[in-house]
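To start, the structure under review is shown below, and the notes come after it.
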There are 2 protein chains.
Amino acid sequence: MAGIAEAPGRDAPEAQGRDAPEAQGVASDDLIELLFFAYRDFVGDPDRILAEYGFGRAHHRVLHFVVRYPGLTIAELLDILRITKQSLNRVLKDLIEQGYVEQKTGTSDRRQRLLFCTGAGADLAADLTRVQTRRVARALADRAEPTGASAASAHDFLLAMIEPDERAAVCRLMARRSRGTA
Amino acid sequence: MAGIAEAPGRDAPEAQGRDAPEAQGVASDDLIELLFFAYRDFVGDPDRILAEYGFGRAHHRVLHFVVRYPGLTIAELLDILRITKQSLNRVLKDLIEQGYVEQKTGTSDRRQRLLFCTGAGADLAADLTRVQTRRVARALADRAEPTGASAASAHDFLLAMIEPDERAAVCRLMARRSRGTA
DNA sequence: GATTTAAGTCAGTGTTGTTGACATATCTCA
DNA sequence: TGAGATATGTCAACAACACTGACTTAAATC
């Protein structure tokens, strides 16, 4: 039973004969739905912590990217989050005023405001990351394959789900973490 | 290069020596972020179609589940979406008034309102599903493994990401599609 | 010095979520 | 049959988070 009770479809492919859009065991249809449920629970974890601070998901997203990519500019953050300047400013102002994020004037270009987390910001971000990491790690461990293979597989799938034109930008961003802050 | 330009981490595991929280090639950290990007683009597709109808994501979610699980009750839908009755009623009212969804009084329990899509609702839902299915199918095809294996792998990962207590309910729901409407 | 760019700000609006209270119809069970 | 539980619908008020469009300031570029 694939490790999980009542796993549908793949364990009983003959049962979907009615109007199955695909001849495979797992239809893309089902993945759409599972992605909804997975994301629903995935964002649910940090929500509880955020509520204690009077913050919402928008604050979380900003904090997440600032702590992971110190020195991020406003323009970069806008491009990542795909929201308007107005929406970003609203939550960013909260985070700055309450001492979780700080801005420094850019050195090479003094028009830029480089974003950094304070100690408190890093602590909060770590709390939030912890619960999400726990869920992901457990999901990987719950599988039959070795955890490394599961992770690689999930990585490739999620990356491939990103708009092709955007993948390079995402990879470039994520590559920053292996190198310096530049 | 794993089929995708500039894939980070796994192809250069030695580069993450700094403060790597895990010794593996792909960190749970990165999956958190990829899930954000993947979901961002995943919901972006239908948004463009929905805008033409004056609908939003909330309408999409309702339509999706009603077309997939005809005869769904209000209580079931509330449990799936995890929103309040008020939030659901607002969008459901739009969909009913504009002829995309209809209600029928339950037969065994006349208090229940069973939800069904009209022809127009099914057509719209099909349009929305099409763009999302395309993205998922492409993501699966972009991988090195056979598509069936990729799909099974993605299925297991997403299912495992769901809150353990909820998995049985999700599986029970999804199993309806293989059987009758009951 | 003119133009462009990065960022900040204002006013107004829309969607989607929340709470809490209350009404109605129907079912269940004693 | 009557009491209570359940399924749904509805009201008013509110909050989070997104949008648009216009405008300002400071700094870079040419």
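What you see is a predicted model; the values in this text were computed from it and never measured.
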Could you please name the option among C/dG17, D/dG9, C/dT18 that lies closest to any side-chain atom of B/Ala58?
C/dG17
Counting side-chain heavy atoms from C-beta on, which of C/dT26, C/dA7, C/dC10 comes nearest to A/Thr73?
C/dA7
Of the options D/dA18, C/dG17, C/dA6, whose atoms approach the side-chain atoms of A/Gln112 most closely?
C/dA6
What's the closest nucleotide to the side chain of B/Lys85 if the choices are D/dA18, C/dG17, D/dT8?
D/dT8
Side-chain N,O (A/Gln103) to OP1/OP2 (C/dG8) below 4.0 Å:
yes
Using OP1 and OP2 only, check whether a side-chain N or O of B/Ser87 sits under 4.0 Å from C/dT16.
no
Ion pair check, A/Glu163 and B/Arg135, cut-off under 4.0 Å
yes
Between A/Ile83 (CD1) and C/dT16 (P), how many Å, whole number?
18 Å
Assess whether a salt bridge exists between B/Arg167 and A/Asp142, defined as any Lys/Arg side-chain N lying under 4.0 Å from an Asp/Glu carboxylate O.
yes
Below 4.0 Å: OP1/OP2 of C/dT18 and any side-chain N or O of B/Arg90:
no
Roughly how many Å is it from CG in B/Leu50 to P in C/dG14, rounded to a whole number?
18 Å
Taking 4.0 Å as the cut-off, does a side-chain nitrogen or oxygen of B/Thr84 come that near to OP1 or OP2 on C/dG17?
no
Thinking salt bridges, do B/Asp30 and A/Arg68 make one under a 4.0 Å N-O criterion?
yes
So what does B/Glu76 hit on the nucleic acid, given a heavy-atom distance under 4.0 Å: a base, only sugar-phosphate, or nothing?
nothing
Regarding A/Ser150 and A/Ser153, is there a side-chain donor-to-acceptor distance under 3.5 Å anywhere?
no
Rounded to whole Å, how long is the line connecting atom NE2 of A/His60 with atom C1' of D/dA16?
16 Å
Counting the atoms with a prime plus P, OP1 and OP2 as sugar-phosphate, which does B/Asn89 contact under 4.0 Å by heavy atoms, base, sugar-phosphate, or nothing?
base
Looking only at D/dT8, D/dC19, C/dA7, the nucleotide nearest the B/Ile74 side chain is D/dT8
Heavy atoms from C-beta onward define the side chain here; which of C/dA11, D/dA7, D/dA28 lies closest to that of A/Gln86?
C/dA11
Which part of the nucleic acid does A/His59 contact within heavy-atom distance under 4.0 Å: base, sugar-phosphate only, or nothing?
sugar-phosphate
Would you say a side-chain N or O of B/Arg110 is under 4.0 Å from OP1 or OP2 of C/dT26?
yes
Distance check needed: C/dT18 P versus B/Leu78 CG, whole Å only.
10 Å
Does a side chain donor of either A/His59 or A/Asp94 reach within less than 3.5 Å of an acceptor in the other side chain?
yes
Of A/Gly54 and A/Thr107, whose nearest nucleotide on DNA chain D comes first from the 5' end?
A/Gly54
Donor on one side chain, acceptor on other, A/Arg134 and B/Ser28, under 3.5 Å:
no
Could you tell me whether the side chain of B/Arg113 has a donor or acceptor atom within less than 3.5 Å of a complementary atom in the base of D/dT8?
no
Starting at the 5' end of DNA chain D and moving along, which residue's nearest nucleotide shows up first, B/Leu92 or B/Arg111?
B/Arg111
